[in-house]
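Since this is a predicted model, take the numbers as computed values, not measurements.
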Number of protein chains: 2
Amino acid sequence: MNWTGGKRPTISQVAAQAGVARSTVSRAFSQPERLTRETVARVLEVAKQLGYTPNPVAQALSTGRSRNIALVVPDVANPFFPPLIRAAQRKAEDYDLCVFLGDSDEKPEREDQLLERFASQVDGVVLVSSRLSDTQIWAYAQRMPLVLINRDIDNMLRVLIDSAPGMEDAVTHLAELGHRHLAYVSGPATSWSNAQRRTAFRNAARRQGLEVSSISANRSTYESGRKSAERVVASGATACVAFDDLLAQGILAGLADLAVAVPEQISVVGCDDVLGSTTSPALTTISNHCVAAGEVAISLLVDNFGGSPAVDVRHVLKTHLVIRNSTAARK
Amino acid sequence: MNWTGGKRPTISQVAAQAGVARSTVSRAFSQPERLTRETVARVLEVAKQLGYTPNPVAQALSTGRSRNIALVVPDVANPFFPPLIRAAQRKAEDYDLCVFLGDSDEKPEREDQLLERFASQVDGVVLVSSRLSDTQIWAYAQRMPLVLINRDIDNMLRVLIDSAPGMEDAVTHLAELGHRHLAYVSGPATSWSNAQRRTAFRNAARRQGLEVSSISANRSTYESGRKSAERVVASGATACVAFDDLLAQGILAGLADLAVAVPEQISVVGCDDVLGSTTSPALTTISNHCVAAGEVAISLLVDNFGGSPAVDVRHVLKTHLVIRNSTAARK
DNA sequence: ATTGACTTGGCAACCGGTTGCATGATAGTT
DNA sequence: AACTATCATGCAACCGGTTGCCAAGTCAAT
């Protein structure tokens, strides 16, 4: 005995048992108002008794809607994503949608493969911090509803986390503490967020008349941050802002290795606020509502089911600075 | 213009264009060896030209296999799960399977809902640290291939992380450092892993002739750990082992708040090894191969597609202690 | 030339639903 | 009583594939 072709009752069996046509059973579930109260009751009774549930695959085939969506992220293990994934998943449930998860491992080719595989069996896709080119994304958006998180392309649905306000706060905060030379430790080169944050950082620093250094850590990992610590010290900056919390956490560790005291000798600011107070010292960071991002993306997607491609929606989420213990007055 | 009923070419169009029957097109993809080289070539040529790809939904309906599986976890945001999810996802890709992700938020009802929703559209399910009752799980296992991670039920497919060896190492390690009184800080009451770890801890401690205290933190969160620190101190133990790294990290922070030095005054051991060296001090912890668990689970699932229910497989993964800086000789 | 084995590809039924249209019954109108 | 609206339900085609079975064609052996 095996499962395939198992004992799930079909609509025909319910129809036979209830003495009605298959279409009537179908309607008893989807448009009960078109049937007599009694008929509906009888059908549902039989259905329950038989343990019948409409087969979603068959429904998908005949209606063209699967009630499934896909969520693609560059790296599930990066702490920025889990809260977002979780929020999106929960929100999707509210709309009775199941969500496929794809991890592209930061590689455009993999992301492409995943999307290709998902394309024909979902009602829509949410792409988080996509590493694909604008053209590729555009092409997919022609085939199905698609929402971007942290990627800004015209005439598409996107939710963006605007680092500028938080970055402005951070730089001002550091300037007020007396720092005159700041460093920005950047993350993945292909990341829209990284470009956006770096720009916001530079603009804010220029306005405050501060000297800036730029250090590239490439990957957004703890180890990569740790290795960058040395360069932060070498740059001569007395405070730094990292692309994200993971990198900042690594920098904290790297500085500790070098016996550089934080925040006494160097102040460190993170970005994302996904680590809470779990670092030591507790990290001052730019908080972005990643939970909100996930929820908004799903809502946006659902609102655009059946709509037309090339709709221009730009939902921007603000950020703000959360001050903890990794920043202090310049010695 | 919208997406539904879009311009995806169907098998009929390809057939017409290539001047063959639909069945021939189907076979050109699924059993090319039954056709002439030329026929296959011609069909594929036309298919490529039209941009045709078999519709997975239709395939699923007629074959009864969707090539989709589901992975259900209690909490995506708990750092133990992302690496596992990632590994599982990657492995699934090797078998050309798409994976649905479900987050039960540690609630049995939600887990049940998710499974019900997934049941009819996947070829199998992996349940990680399930909070359902044995009976419920058993019932689902009758309906579809199902693999358990960290849950031990007879006659089912399961991969277990055996904490005993690592726990043995940990307790021995602490005993050798001179600790005579240890505390275990437990996690979720309904967790199989928790019961298993606590038992292993007690047995090891008894063998070493050590005094033990048990402290309950309930939820496995940083905050919960932080709040437990006080009770660890109150217990009089000079070293503690926490249910998992997250809890341990919280305890570290809580102890720091209380100005108790780690490892000088109290030693702390975690479990899972998912935080690497990111804690301060770097956490001594019991390493379990969560990546391997994810991979093995998928392989097990795939191997049992089309098999029969009630197969008894118990794949046990060993653990070992990773010594870092949160443990030291008793003062 | 006849026969039989084997290969190739078409026919048509099937997977399990949905839905436009038709039908017959019931109720309401004059 | 005849005539039409209205409503509940059934019929049958359709979604886009897969697959068991059969017919026609090829080729070699008798």
Report the distance from atom CG of B:N150 to atom OG of B:S129, rounding to the nearest 0.5 Å. 4.5 Å
Calculate, to the nearest 0.5 Å, the distance between atoms CD and CD belonging to A:Q49 and A:Q17 respectively. 6.0 Å
Take A:L71 and A:I69 through the side chain to side chain contact (heavy atoms under 4.5 Å, CB included) test and state the conclusion after the steps. CA-CA 7 Å; A:L71 180 67; A:I69 61 171; over 6 Å; no
Scan nucleotides 7-11 of chain D against the protein and return all N/O pairs shorter than 3.5 Å with their distances rounded to 0.1 Å.
from: D:dA8; atom 1: O3'; to: A:T36; atom 2: OG1; distance (Å): 2.7
from: D:dT9; atom 1: OP1; to: A:T36; atom 2: OG1; distance (Å): 3.0
from: D:dT9; atom 1: OP1; to: A:T39; atom 2: OG1; distance (Å): 2.3
from: D:dT9; atom 1: OP2; to: A:T36; atom 2: N; distance (Å): 2.9
from: D:dT9; atom 1: OP2; to: A:T36; atom 2: OG1; distance (Å): 2.9
from: D:dT9; atom 1: OP2; to: A:T39; atom 2: OG1; distance (Å): 3.1
from: D:dT9; atom 1: O4; to: A:R34; atom 2: NH2; distance (Å): 3.2
from: D:dG10; atom 1: OP2; to: A:A21; atom 2: N; distance (Å): 2.9
from: D:dG10; atom 1: OP2; to: A:T24; atom 2: OG1; distance (Å): 2.4
from: D:dG10; atom 1: N7; to: A:R27; atom 2: NH2; distance (Å): 3.0
from: D:dG10; atom 1: O6; to: A:R27; atom 2: NH2; distance (Å): 2.9
from: D:dC11; atom 1: N4; to: A:S23; atom 2: OG; distance (Å): 3.2

Over 60° means perpendicular and under 30° means parallel, so tell me whether B:Y52 and B:F29 are parallel, tilted or perpendicular.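 Correct class here is perpendicular.
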Do you see a donor-acceptor pair shorter than 3.5 Å between the side chains of B:E109 and B:Q113? no
Heavy atoms under 4.0 Å, any strand shown: does B:Y52 hit a base, just sugar-phosphate, or nothing? sugar-phosphate
Looking at B:R22 and B:I11, what are the two nearest heavy atoms and their distance?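 Answer, listing the atom of B:R22 first, then B:I11: O-CD1, 3.6 Å.
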Salt bridge (Lys or Arg N to Asp or Glu O under 4.0 Å), that's the test. Do A:R86 and B:D75 meet it? Break it down for me. CA-CA 8 Å; A:R86 198 179 143 145; B:D75 178 7; 2.3 Å; yes
Give the first and the last nucleotide of DNA chain C, reading 5' to 3', that has any atom under 4.0 Å from a heavy atom of chain B.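 Result: C:dT8 to C:dG16.
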What verdict does the salt bridge (Lys or Arg N to Asp or Glu O under 4.0 Å) test give for B:R314 and B:D154, after you've listed the backbone C-alpha separation in whole Å, the side-chain angles of each residue and the deciding distance to 0.1 Å? CA-CA 9 Å; B:R314 197 166 187 276; B:D154 286 343; over 6 Å; no
